[in-house]
Peer 1: 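Questions regarding the structure given below will be posed in turn.
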Amino acid sequence: MRDNKKPKQTKRSKLTRRDFMGAAAAATAFTVVPRHVLGGPRQVAPSEKLNIAGIGVGGRGGGDLRELESENIAVLCDVDSNRLRGASKRYPKAKTYKDFRRMLEKENRNIDAVMVATPDHCHFPASMMAVKMGKHVYCEKPLTHSVYEARTLAEAARKAGVATQMGNQGQAGEGRRLMSETVWDGAIGQVHEAHIWTDRPMRGINGLYWPQGEERPEDEPPVPETLDWDLWLGPAPYRPYHPSYHPFKWRGWWDFGTGALGDIGCHQMDPVFRALKLGHPTTVEACCTIVNDETYPVASRITYEFPARGGLDPVTLHWYDGGMKPPRPKELEEGRAWGTGGTLLVGDKGKMFGDRLIPESRQKAYGKPPQKLERSPGHHKEWILACKGGKPAGSNFPDHAGLLAQVVLLGNLAIRPALKEKLTRVKLHWDGDAMKVTNLPEANQYLRREYRQGWTV
Amino acid sequence: MSNQHRRISRRNLMRGAAGAGAAFTFVPRGVLGGHGVQGANEKLNIAAIGSGGMGGANINKCATENIVALCDVDDQHAAGTFKKFPNAKKYKDFRVMLDKEDKNIDAVIVATPDHTHAVAAMACIKRRKHIYCQKPLAHSIYEVRMLTEAARKYKVQTQMGNQGHSSNEIRLLYEWIQDGAVGPVREIHSWSDRPVGGHPWSDFPIMARPKETPPVPDTLDWDLWLGPVRDRPYHPIYCPTKWRGWYDFGTGALGDMGCHIIDPPFWALKLGAPTRVEASTTHYKPEVASETYPRASVVRYEFPARGKMPPVKLTWYDGRLLPPRPRDLEPGRKLGTNGTVLVGENGSIMHGSHGAGGVRIIPEKKMRAYDRPDQTLPRVKSGSGGHEQDWVRACKDGNPASSSFEYGGPLTETVLLGVLAMRLKNIPLEWDSENMKVTNCDEAAKYVKPEFREGWTL
């Protein structure tokens with residue numbers, strides 16, 4: 001981490017580890033000292049392999065693990081034994097667990113790093129516990145389920161000096177860098193408006209990724225034998241199992257997911273954050289289709305206002321989901337795809353659609369911006385290198401992902417059903433440093449949530 | 001044609017066909033040169049097509065006149081109105097009614113579902129009957145254009161049922177805009193909470209076509225209810241109240257409310273025909289998207305410059321979507337469930353539904369400081385509540401009613417162009433109003449002019 005002193009390389013910890021890896025029985029007295037007491041994560045030489053534990057190893061988690069296979073996938077943890085079995089086939093030597101709390105306690109000495117790809121509501125407890133134990137953490141986006149959690153986790157990661165990376169893999173791409181460099185080159189002048197949209201929860205114009213705008217199901221089908229439902233719920237309030245939540249459809253539910261915004265916001269706001277050097281917004285407001293206390297709405301528009309930053313003018317950022325889009329700019333040639341998701345930057349000297357100036361003739365005339373940013377070795381690789389003492393990864397929690405996730409998740413505050421009536425009268429005024437809404441105090445209760453007993457970190 | 005002549009003619013007719021001794025009383029009204037000016041003291045003979053629901057309300061407002069014939073495809077739905085006017089003849093099929101009562105009626109109120117406005121109103125116009133037709137004027141742009149032209153050709157007095165157009169507030173808005181109260185306006189936002197307003201009349205179905213085929217109620221002639229629309233089995237999810245949500249019958253939230261909410265800026269800013277329109281919607285299931293209007297939509301219109309007035313971008317939001325909070329709206333002040341904001345160079349104007357209800361310059365400070373211009377427009381007696389009577393007046397004195405088809409037609413075309421854009425979502429459509437053609441999307445033609453079922457024509 002940029003702001004952290006590198007933990008000292010200790011011969012002792014290396015020995016400790018080797019001992020443990022060799023045989024548990026070989027444990028000598030000093031190995032009983034917990035890793036984090038020793039002052040941070042174990043230093044792993046670039047030539048050595050990290051021992052990685054995966055928490056949530058089906059779906060996206062499985063994909064993340066494949067990106068980390070240059071290292072030793074040492075432990076697998078999942079609340080669904082089907083998924084665990086699937087991952088075990090690929091990593092037969094890895095130990096398996098259902099409960100990440102137990103896994104982290106048991107494997108503390110055997111792992112250097114943790115990959116977290118649970119549903120959103122478990123990101124924080126799993127990542128926070130790992131960070132506190134001095135483990136490097138790769139956590140899927142959005143970083144957490146609440147604004148408070150994002151800030152707390154980022155601060156904890158800074159303090160622990162662990163290497164972190166949020167799973168917004170697009171940040172490592174070439175296009176993102178070109179967007180920043182083009183904007184910084186002044187190609188579109190001062191940017192006053194940004195529009196970001198996704199089709200989700202819809203899938204294209206005739207499909208659906210997961211439902212939103214639904215009521216809680218009333219039937220109580222039996223829990224599949226392979227699933228530990230109580231563990232799946234984790235910190236969330238208890239409710240009976242239903243296939244409407246697991247697998248995958250949890251994204252639409254307030255208790256578990258963070259909606260279309262949480263799913264895609266961290267991907268698509270990321271480049272805009274970097275290009276425009278955004279920080280906390282000063283206001284946020286939203287409109288949406290009918291919303292209840294169970295699920296996110298079918299569609300929403302969320303508008304953030306960012307203040308002037310250095311020599312940069314204030315910016316209004318509009319987020320659209322569920323099929324809503326900004327108006328198609330005239331500069332975009334007829335017939336050119338407007339996309340199911342995208343980004344439009346409106347500057348006083350031009351517009352960018354994604355990482356390209358529009359119309360395309362302008363991009364052609366412009367060519368390439370001067371390179372100002374280092375290119376990435378790959379998103380997961382960034383983290384691996386950081387874990388081994390390299391520089392912080394591009395979407396590490398303390399310097400980037402924590403703030404980005406806070407701002408993304410703040411948007412969901414503006415569509416909270418309980419605030420809806422009041423929000424027809426005011427925008428939410430946000431004091432980012434103090435982490436509070438200043439003009440509607442009751443909104444602040446939604447910045448964090450209660451955890452079920454046994455799940456407090 | 002002299003008034004004298006017509007009056008005699010009419011009186012004879014009023015006595016009853018049997019008693020009409022003189023030859024000239026059999027000369028059809030139209031041959032006598034269309035409607036001239038009717039004596040102010042004389043009563044109109046009014047018929048209604050679609051007598052339940054909103055039709056009933058319109059008819060009651062015209063009860064100063066003779067309600068001579070009532071038509072409805074559903075006796076039950078119209079029962080209240082039928083009972084109120086025991087002397088009126090009752091019909092199910094407006095075509096039969098017009099054939100039988102042609103000589104006995106001067107004017108007709110059309111308050112059917114949207115999909116039968118045009119066939120009913122056109123049949124009346126061609127018989128030179130004055131027409132009061134509910135909003136939106138018709139179900140397709142082509143129908144609207146034909147009605148507007150026919151009303152002009154046959155010189156009948158017309159009124160579209162956007163009663164807010166008779167309000168005092170819409171006239172205030174017009175006068176303030178003329179006065180330059182907020183400077184040139186380039187941006188307008190209009191919104192409605194429908195199709196999920198939360199009331200029986202403002203919640204429309206969003207669903208696939210039902211598969212079950214419940215029996216048709218005894219009181220309903222389903223085939224007549226369908227009128228020009230291709231056949232499908234009866235279901236209570238269409239009739240009598242839920243048709244607004246279905247493509248084939250209604251025109252959705254925008255069609256329902258646009259003629260109220262977009263009306264004030266359309267008039268005050270003389271918007272005329274848009275040149276471009278583009279819609280986003282929440283539809284994602286093909287079987288739903290092909291049948292009903294979406295849960296929510298955003299429709300963006302562009303209007304070209306008009307004289308000294310700059311081009312305008314007008315955005316429509318429904319399904320509880322809203323514009324970003326207007327820059328000139330004070331914190332704490334509510335953005336209503338239905339309304340419009342006109343963003344001017346020097347301030348904004350906000351109003352609610354139905355004829356610029358509650359129109360104010362915002363912020364309020366600016367409203368208070370505003371030195372209001374003198375009244376330039378005449379007011380309609382009783383405002384919105386006098387909308388029907390304004391039409392009665394027009395039928396009698398020959399001066400157009402407040403929202404005659406000359407005005408209501410183009411307003412409805414604009415609204416329906418947005419409805420059409422929802423069917424072709426995410427495509428910016430270039431609109432050639434004069435030729436009634438979307439110039440960059442051939443698929444649009446079938447929505448501009450949908451086909452009628454055999455046996456039905458305009």
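Computed over heavy atoms, backbone and side chain alike; hydrogens, waters and symmetry mates excluded.
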Peer 1: Given that the side chain runs from C-beta out, which part of B:P331 has a heavy atom under 4.5 Å from chain A: side chain, backbone, both or neither?
Peer 2: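 When you check distances to chain A, atoms from both the backbone and side chain of B:P331 fall under 4.5 Å.
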Peer 1: Quick check on the interface: out of B:L321, B:L335, B:I427, B:L329, who has the most heavy-atom pairs with chain A under 4.5 Å?
Peer 2: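 Sorted descending by pairs with chain A, the first entry is B:L321.
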Peer 1: Kindly write out the residues that satisfy side chain to side chain contact (heavy atoms under 4.5 Å, CB included) with A:R309, not counting sequence neighbours, or none if the list is empty.
Peer 2: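 A:R309: side chain to side chain contact (heavy atoms under 4.5 Å, CB included) contacts with A:L276, A:L278, A:L312, A:V315.
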Peer 1: Who are the side chain to side chain contact (heavy atoms under 4.5 Å, CB included) partners of A:A434, not counting sequence neighbours?
Peer 2: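 A:D431, A:K436.
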Peer 1: Under 4.5 Å heavy-atom distance to chain A, tell me which part of B:P294 shows up: side chain, backbone, both or neither.
Peer 2: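 When you check distances to chain A, no heavy atom of B:P294 falls under 4.5 Å.
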Peer 1: Short of 3.5 Å, which donor-acceptor contacts do chain A and chain B share? List atoms and distances.
Peer 2:
| residue | atom | partner | partner atom | Å |
| --- | --- | --- | --- | --- |
| A:G207 | N | B:Y284 | O | 3.1 |
| A:E285 | OE1 | B:R325 | N | 3.0 |
| A:E285 | OE2 | B:R325 | N | 3.0 |
| A:R301 | NH1 | B:L322 | O | 2.5 |
| A:K325 | O | B:R300 | NH2 | 2.6 |
| A:R328 | N | B:E278 | OE1 | 3.3 |
| A:K330 | NZ | B:E302 | OE1 | 2.7 |
| A:K330 | NZ | B:E302 | OE2 | 3.4 |
| A:E334 | OE2 | B:N440 | ND2 | 3.3 |
| A:E421 | OE1 | B:K334 | NZ | 3.0 |
| A:E421 | OE2 | B:K334 | NZ | 3.0 |
| A:T424 | O | B:R325 | NH1 | 3.0 |
| A:T424 | O | B:L335 | N | 2.9 |
| A:R425 | O | B:R325 | NH1 | 3.1 |
| A:R425 | O | B:R325 | NH2 | 2.6 |
| A:R425 | O | B:G332 | N | 2.7 |
| A:R425 | NH1 | B:G332 | O | 3.4 |

Peer 1: With sequence neighbours left out, what residues match A:D433 under side-chain hydrogen bond (donor to acceptor under 3.5 Å, both in side chains)?
Peer 2: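 Partners of A:D433 by the side-chain hydrogen bond (donor to acceptor under 3.5 Å, both in side chains) criterion come out as none, since no residue qualifies.
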Peer 1: Give the member of A:G204, A:A286, A:P327, A:G323 that has the highest number of heavy-atom pairs under 4.5 Å with chain B.
Peer 2: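 Option with the top pair count is A:P327.
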